[in-house]
Asker: 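Handing you a structure now.
Quick note on labels: first sequence line is chain A, next is B, and so on, each numbered from 1.
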Protein chains: 2
Amino acid sequence: MKIDPSSKADLSAQIAKAIRDAIVSGALIVDERLPSEAELSEQFEVSRATVREALKRLAAQSLIRTQRGAFGGAFVNRLSFEEAYGQQITTSTLLLSMNAVSFETACEARFALESACAPLAATRRTADHLATMRAEIFRQTQPGLSDEGWCASDVAFHRALVDAAGNPVLSYQLAGAVEAMQPLMNMITFTARSRGKIVSLHTKIVDFCDAGDGAGIEEILEALALYTRQLGQEMAQKKTTS
Amino acid sequence: MKIDPSSKADLSAQIAKAIRDAIVSGALIVDERLPSEAELSEQFEVSRATVREALKRLAAQSLIRTQRGAFGGAFVNRLSFEEAYGQQITTSTLLLSMNAVSFETACEARFALESACAPLAATRRTADHLATMRAEIFRQTQPGLSDEGWCASDVAFHRALVDAAGNPVLSYQLAGAVEAMQPLMNMITFTARSRGKIVSLHTKIVDFCDAGDGAGIEEILEALALYTRQLGQEMAQKKTTS
DNA sequence: AGACATTTAAACGTCTGACAAATGAAAATT
DNA sequence: AATTTTCATTTGTCAGACGTTTAAATGTCT
């Protein structure tokens with residue numbers, strides 16, 4: 001195995017790409033052991049340090065894991081949904097915070113995606129999902145709840161709704177959209193009145209979910225989206241006038 | 001700045017985490033220059049090689065970029081939508097291929113998400129989007145088109161539909177779902193008859209899009225989802241009997 | 001003074017060689 | 001047979017060196 005010397009990129013980036021391609025194409029399968037760093041440095045004709053930098057790049061993407069000791073080495077990692085969630089959430093969060101995505105836009109995307117799982121959630125929700133949602137609603141009615149706690153509970157509620165659709169791919173895709181919204185939501189001050197209104201909408205959602213009425217859920221979600229956007233606008237106005 | 005010596009993780013992972021946290025929390029802002037590798041190795045009291053491995057981890061996540069030369073160094077990277085697309089697509093693709101996600105499940109997620117942008121696409125589509133979709137439909141009618149070419153065009157068509165919703169966050173989230181499906185779709189053999197049927201559905205979609213009829217788009221998408229699933233089942237049967 | 005060429009220092013990219021620490025297999029011992 | 005010891009392998013970390021790139025600073029000429 002060799003590396004294209006005409007490429008302008010760093011050697012470690014080229015090697016990382018070569019190995020990544022081998023994994024994506026299926027030439028390297030899950031749990032397969034890569035050659036040792038010493039062997040790789042021979043094959044690619046670079047130093048061990050360079051190989052190590054390449055491997056760290058892959059480790060950062062959860063494509064490989066490493067083990068020390070005899071018969072250790074780098075192994076192709078089975079990318080779990082959990083790990084993928086995590087990566088997606090940090091990526092989405094940064095994307096939103098660094099690109100001045102408006103509250104409007106993020107809100108629109110989030111509720112559009114969430115509506116997509118409403119019909120599925122209505123038919124597939126289990127008692128577990130309903131219990132989780134009701135528990136979060138209960139938390140949201142506690143008077144002493146901090147703003148951060150409120151937002152966290154809101155995220156948990158909506159994640160339960162998404163998970164109720166029973167499709168791990170959907171859950172994965174939406175994890176980013178829902179969680180990445182939290183920093184933006186944290187900027188809103190939720191008054192007792194607004195909390196009450198949201199709790200009542202949440203209650204309707206879980207009731208429709210229980211009844212298996214997907215269209216009902218969508219309707220409430222739309223109202224919730226409208227109200228959330230309204231709160232966002234008030235926040236924007238307060239900011240400009242202060 | 002120092003590192004927790006009680007942690008069991010690698011030093012390079014700890015340092016990467018420390019810098020990543022600083023970026024996510026906003027302590028380091030976009031385009032800000034990090035200390036040089038030599039300075040970082042002093043601050044963290046580790047060797048330069050270890051610092052470099054940490055920086056490569058961050059580079060793999062597009063959190064930083066590096067520049068050589070005087071006044072070069074590592075800079076906090078503005079995560080662009082383009083880069084985020086790319087990461088999301090490789091992650092989604094691997095997730096699907098390594099976790100034995102069924103064609104059913106992937107299909108369901110994809111069409112559920114796509115339906116979510118139908119109403120927005122109907123109101124916001126530009127002449128550009130319509131032209132792209134029509135161009136892809138034309139490609140799909142060419143008799144000599146290979147199976148790979150067909151699938152690529154299919155992806156391009158659906159991406160144009162998603163982009164027509166005019167919400168970059170939605171486009172980003174869906175890029176993964178749509179593109180990650182391609183390897184699964186590639187396993188289906190598209191006969192002339194099935195191609196014809198799909199082209200006719202695509203044509204209806206772009207017509208509804210042109211007319212601003214979101215509900216119409218959703219309806220056709222549902223039919224397309226149904227037909228795609230049917231093709232998937234035929235493929236599965238052929239595989240078990242052969 | 002202004003335009004162009006040269007020098008130079010800072011910083012990353014890579015290499016070499018070394019040692020420590022972990023780890024599982026094999027060998028030795030009880 | 002069970003336990004302990006040895007041992008080879010492999011990753012993790014370090015120190016020092018050299019090449020390459022790059023932009024700023026300096027010098028030179030018109």
Asker: Rounded to whole Å, how long is the line connecting atom CD of B/E45 with atom C1' of D/dA15?
Answerer: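 It is 16 Å, rounded to the nearest whole Å.
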Asker: To the nearest angstrom, how far is A/D10 atom CG from C/dC12 atom P?
Answerer: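 These atoms are roughly 12 Å apart.
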Asker: Atom CG of A/L34 and atom C1' of D/dT9: how far apart are they, to the nearest Å?
Answerer: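 The answer, rounded to whole Å, is 16 Å.
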Asker: Counting heavy atoms from C-beta on, name the nucleotide in C/dG13, C/dC15, C/dT23 closest to the side chain of A/A70.
Answerer: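 My answer, after comparing the listed nucleotides, is C/dT23.
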Asker: Given the structure, check if the side chain of B/R48 and the base of D/dG16 hold any donor-acceptor pair shorter than 3.5 Å.
Answerer: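 Result: no qualifying N/O pair found.
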Asker: Among C/dC12, D/dC14, D/dT11, which nucleotide has an atom closest to any side-chain atom of B/S36?
Answerer: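 The answer is C/dC12.
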Asker: Identify which nucleotide among D/dA8, C/dA22, C/dG13 has an atom closest to any side-chain atom of A/R68, counting heavy atoms from C-beta outward.
Answerer: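 The closest nucleotide is C/dA22.
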Asker: What is the separation between atom CG on B/L58 and atom P on C/dC12, rounded to the nearest whole Å?
Answerer: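 It works out to 14 Å between those atoms.
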Asker: Categorize A/R65 for me: base, sugar-phosphate, or nothing, with a 4.0 angstrom heavy-atom threshold over every strand shown.
Answerer: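 Contact class for A/R65: none.
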Asker: Kindly confirm or rule out a cation-pi arrangement of A/R229 over A/F111, judged by NZ or CZ under 6.0 Å from the six-membered ring centre and within 45° of its axis?
Answerer: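 The answer is no; the distance or angle limit is not met.
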Asker: What is the distance from atom CD of B/Q182 to atom CG of B/D154, rounded to the nearest 0.5 Å?
Answerer: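 These two atoms lie 8.0 Å from each other.
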Asker: Any salt bridge linking A/R65 with A/D31? Criterion: basic side-chain nitrogen under 4.0 Å from a carboxylate oxygen.
Answerer: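 Looking at A/D31 together with A/R65, the answer is yes, because their closest N to O distance falls below 4.0 Å.
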Asker: Checking the side chain of B/S153 only, and the main-chain atoms of B/E136 only, is there a donor and an acceptor separated by less than 3.5 Å?
Answerer: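 Yes.
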Asker: Whether A/T66 contacts D/dT10 is assessed here as follows: a side-chain N or O lying under 4.0 Å from the phosphate OP1 or OP2. Is that the case?
Answerer: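 No, no such contact exists.
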Asker: DNA chain C: A/E53 or A/F71, which has the more 5' nearest nucleotide?
Answerer: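 Residue closer to the 5' terminus by nearest nucleotide: A/E53.
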Asker: Which comes earlier along DNA chain D counting from the 5' end, the contact point of B/Q67 or that of A/R52, where each point is its nearest nucleotide?
Answerer: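 Comparing both residues, the 5'-ward one is A/R52.
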Asker: In whole angstroms, how far is the P atom of D/dT11 from the CD atom of A/E39?
Answerer: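 Computing the A/E39:CD to D/dT11:P distance gives 9 Å.
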Asker: Nearest whole Å is fine: how far is D/dG12 P from A/L55 CG?
Answerer: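 Nearest whole value for this atom pair: 9 Å.
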Asker: Could you tell me the separation between the CD1 atom of A/I64 and the C1' atom of D/dG12, rounded to a whole number of Å?
Answerer: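 It works out to 14 Å between those atoms.
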Asker: So if I apply the side chain to side chain contact (heavy atoms under 4.5 Å, CB included) rule between B/V169 and each of A/L95, A/V101, A/N99, which one comes out positive?
Answerer: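 That would be A/V101; it is the only one of A/L95, A/V101, A/N99 passing the side chain to side chain contact (heavy atoms under 4.5 Å, CB included) with B/V169.
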Asker: Could you tell me the separation between the CZ atom of A/F44 and the P atom of C/dT14, rounded to a whole number of Å?
Answerer: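 One finds 14 Å between P of C/dT14 and CZ of A/F44, rounded.
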Asker: Nearest of D/dG12, C/dG13, C/dT16 to any side-chain atom of A/S47?
Answerer: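 Among D/dG12, C/dG13, C/dT16, the one nearest the side chain of A/S47 is C/dT16.
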Asker: Could you check A/G69 against B/G72 and say which one's nearest nucleotide on DNA chain C is further toward the 5' end?
Answerer: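 Nearest-nucleotide comparison on DNA chain C picks B/G72.
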